[in-house]
Amino acid sequence: MSNSELESLRKSLDEINYQILELISKRAEIVEKIGAQKQKHGLPRFDPVRESTMLENLVSRNKGPFDDATVRHLFKQIFKASLEMLEEEHKNHLLVTRKRKNEDTVIEVKGVKIGGEHKIVMAGPCTVESYGQLRETAEALKTLGVDVLRAGAYKSRTSPYDFQGLGQEGLEILKRVGDEFGMVTMSEIMDSSELRAAADYIDIVEIGAKNMQNFSLLKAAGDAKLPVVLRRGRSATLEELLLSAEYILDRGNSQVMLMERGIRTYETWTRSTLDISAIPILKKESHLPVLVDVSNSTGRRDILLPCAKASLAAGSHGILVEVHPDPALSLTDAQQQLDVNQFVEFFRELKSSGFLN
Ligand SMILES: O=C(O)C(=O)C[C@]1(C(=O)O)C=C[C@@H](O)C=C1
């Protein structure tokens with residue numbers, strides 16, 4: 001074949017390539033319109049029956065030289081790319097995403113700012129045990145400049161025979177102590193029916209890891225319009241965490257903070273595995289503040305400091321640390337809580353080494 005013949009055949013191929021490109025782009029535009037209709041009517045984006053019908057119709061018209069399997073494969077790739085385009089477009093429309101809102105969400109609670117350039121420390125005993133216990137802890141925290149007092153009233157314990165928390169009485173103690181020291185209060189609520197009442201006692205509602213996909217609770221948190229800390233489930237992917245947050249935003253409550261609290265792996269020397277990579281990924285994908293519970297993820301007080309430093313260095317907007325006046329006497333999670341002196345040292349080290357502003 002002469003050079004000019006080859007050139008001319010290639011020219012024809014180029015022309016056909018451009019036509020194919022134009023056609024698949026036109027096709028993609030129609031797929032986008034179908035996607036919008038599906039979204040409007042709540043239909044699934046993936047439709048295997050429709051795909052299979054199209055493939056059968058195509059094969060029945062196939063005159064070669066490609067065999068049927070190849071025709072199927074080529075068109076399946078087009079369907080796959082179309083579906084991926086629809087999924088990507090859907091993701092970009094989620095309220096939690098940076099694509100939807102580029103600037104960091106900063107949540108202000110009683111003058112305390114969380115998110116953006118601010119670095120927050122949330123601290124307190126794992127569980128409210130008594131007024132005296134909480135007051136003693138809060139006084140030490142406030143003296144250091146910690147603004148958020150966090151303590152559990154309703155405890156989501158794995159065993160029904162473990163201490164379940166003081167419930168309503170615990171919330172009342174938390175409010176009393178919070179008011180006394182002018183601190184922002186935070187506690188976990190497990191039941192959607194308790195959410196509204198909780199607003200009278202706490203400033204920030206925590207939704208626990210075990211409840212991350214309790215969709216009625218998420219919807220109630222959206223309706224309650226209170227600031228929410230949503231903890232990542234122990235076996236939840238980051239996408240699942242963001243979709244759970246979307247439930248709250250979708251109900252008109254954009255005051256949502258995401259909390260990494262460790263994930264379940266094969267490791268036994270820590271309580272959970274602190275997923276440091278979650279921090280930059282969540283910050284990249286979402287505008288919501290990202291916090292890290294260093295106590296519950298590690299379950300060990302001896303490694304809290306390096307884990308807190310790593311979390312803040314990775315871009316976390318803050319950390320949650322458990323502090324108890326006498327951890328050995330604590331009714332829950334004794335091995336991970338710091339005593340007050342240990343916390344003072346921990347906090348000062350984070351400040352002096354520039355991890356906190
Ligand atoms: O026809 C549809 O329902 C579409 O969404 C379009 C389309 C396609 O590319 O043809 C895309 C994804 C579905 O799995 C099936 C088909």
Side-chain angles (χ1 to χ4, degrees), residues 9-102 212-216 218-219 222 230 232-233 235-254 256 258 263 275 277-278 280-288:
L9 287 170
R10 282 185 168 167
K11 243 190 168 154
S12 306
L13 264 196
D14 283 343
E15 211 33 65
I16 289 174
N17 283 346
Y18 302 143
Q19 285 172 18
I20 293 174
L21 178 63
E22 209 168 297
L23 281 174
I24 56 169
S25 304
K26 257 193 203 158
R27 188 185 191 283
E29 281 168 24
I30 297 172
V31 171
E32 277 177 325
K33 286 184 185 150
I34 292 178
Q37 287 298 312
K38 284 181 165 178
Q39 176 82 18
K40 198 168 142 196
H41 300 292
L43 296 170
R45 282 175 287 282
F46 178 47
D47 187 340
V49 176
R50 167 77 179 141
E51 289 195 10
S52 153
T53 310
M54 285 190 288
L55 291 180
E56 288 321 307
N57 290 340
L58 287 159
V59 162
S60 71
R61 288 172 173 232
N62 182 24
K63 298 192 193 98
F66 287 127
D67 62 22
D68 289 353
T70 306
V71 169
R72 273 183 216 281
H73 176 75
L74 286 171
F75 277 89
K76 178 64 197 171
Q77 293 311 306
I78 294 177
F79 303 162
K80 203 165 154 242
S82 302
L83 190 59
E84 278 167 12
M85 180 185 73
L86 289 182
E87 300 285 3
E88 200 51 37
E89 245 160 57
H90 172 68
K91 261 211 237 153
N92 293 347
H93 279 93
L94 293 179
L95 297 165
V96 292
T97 61
R98 279 243 184 244
K99 304 229 169 70
R100 197 65 192 268
K101 175 176 181 264
N102 189 37
M212 190 203 87
Q213 287 186 316
N214 178 340
F215 299 113
S216 57
L218 297 173
K219 287 177 191 169
L230 179 63
R232 179 183 184 186
S235 303
T237 64
L238 297 175
E239 187 172 17
E240 286 163 344
L241 171 62
L242 289 178
L243 287 171
S244 286
E246 184 77 12
Y247 269 86
I248 306 173
L249 270 77
D250 182 47
R251 306 288 275 214
N253 183 0
S254 54
V256 179
L258 306 168
I263 51 173
D275 180 8
S277 63
I281 295 174
L282 289 172
K283 285 186 70 182
K284 190 171 165 211
E285 294 291 325
S286 177
H287 50 85
L288 299 173

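Counting starts at 1 for both ligands and their atoms, following the listed order.
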Using a strict cut-off of 4.0 Å, indicate which atoms of ligand 1 neighbour a heavy atom of [X].
X	value
Ile34	1 (O), 2 (C), 3 (O), 4 (C), 5 (O)
Ser82	9 (O)
Phe46	14 (O)
Val31	9 (O)

When you look at [atom1] of [X], are more than 12 heavy atoms from neighbouring residues, nucleotides or ligands closer to it than 6.0 Å?
X	atom1	value
His93	NE2	no
Lys91	NZ	no
Phe75	CZ	no

Given Arg50, Arg45, Glu51, Lys38, identify the one with the heavy atom nearest to atom 5 (O) of ligand 1. Lys38
Going by distance alone, is a donor N or O of one side chain under 3.5 Å from an acceptor N or O of the other, for Asn57 and Ser60? no
How far is atom 16 (C) of ligand 1 from its nearest protein heavy atom, and which residue and atom is that?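 Looking at atom 16 (C) of ligand 1, the protein heavy atom closest to it is Met54 CE, 3.8 Å.
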The closest protein heavy-atom partner of atom 10 (O) of ligand 1 is Arg27 NH2, 2.7 Å
Quick one: does atom 7 (C) of ligand 1 have a protein heavy atom under 4.0 Å from it?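 It does not; no protein heavy atom is within 4.0 Å.
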Value for CZ (Phe66) from NZ (Lys63), rounded to nearest 0.5 Å, stands at 15.0 Å
Kindly give the heavy-atom pair with the smallest separation between Ala245 and Val96, and that separation in Å.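 Result for this residue pair: CB-CG1, 3.8 Å.
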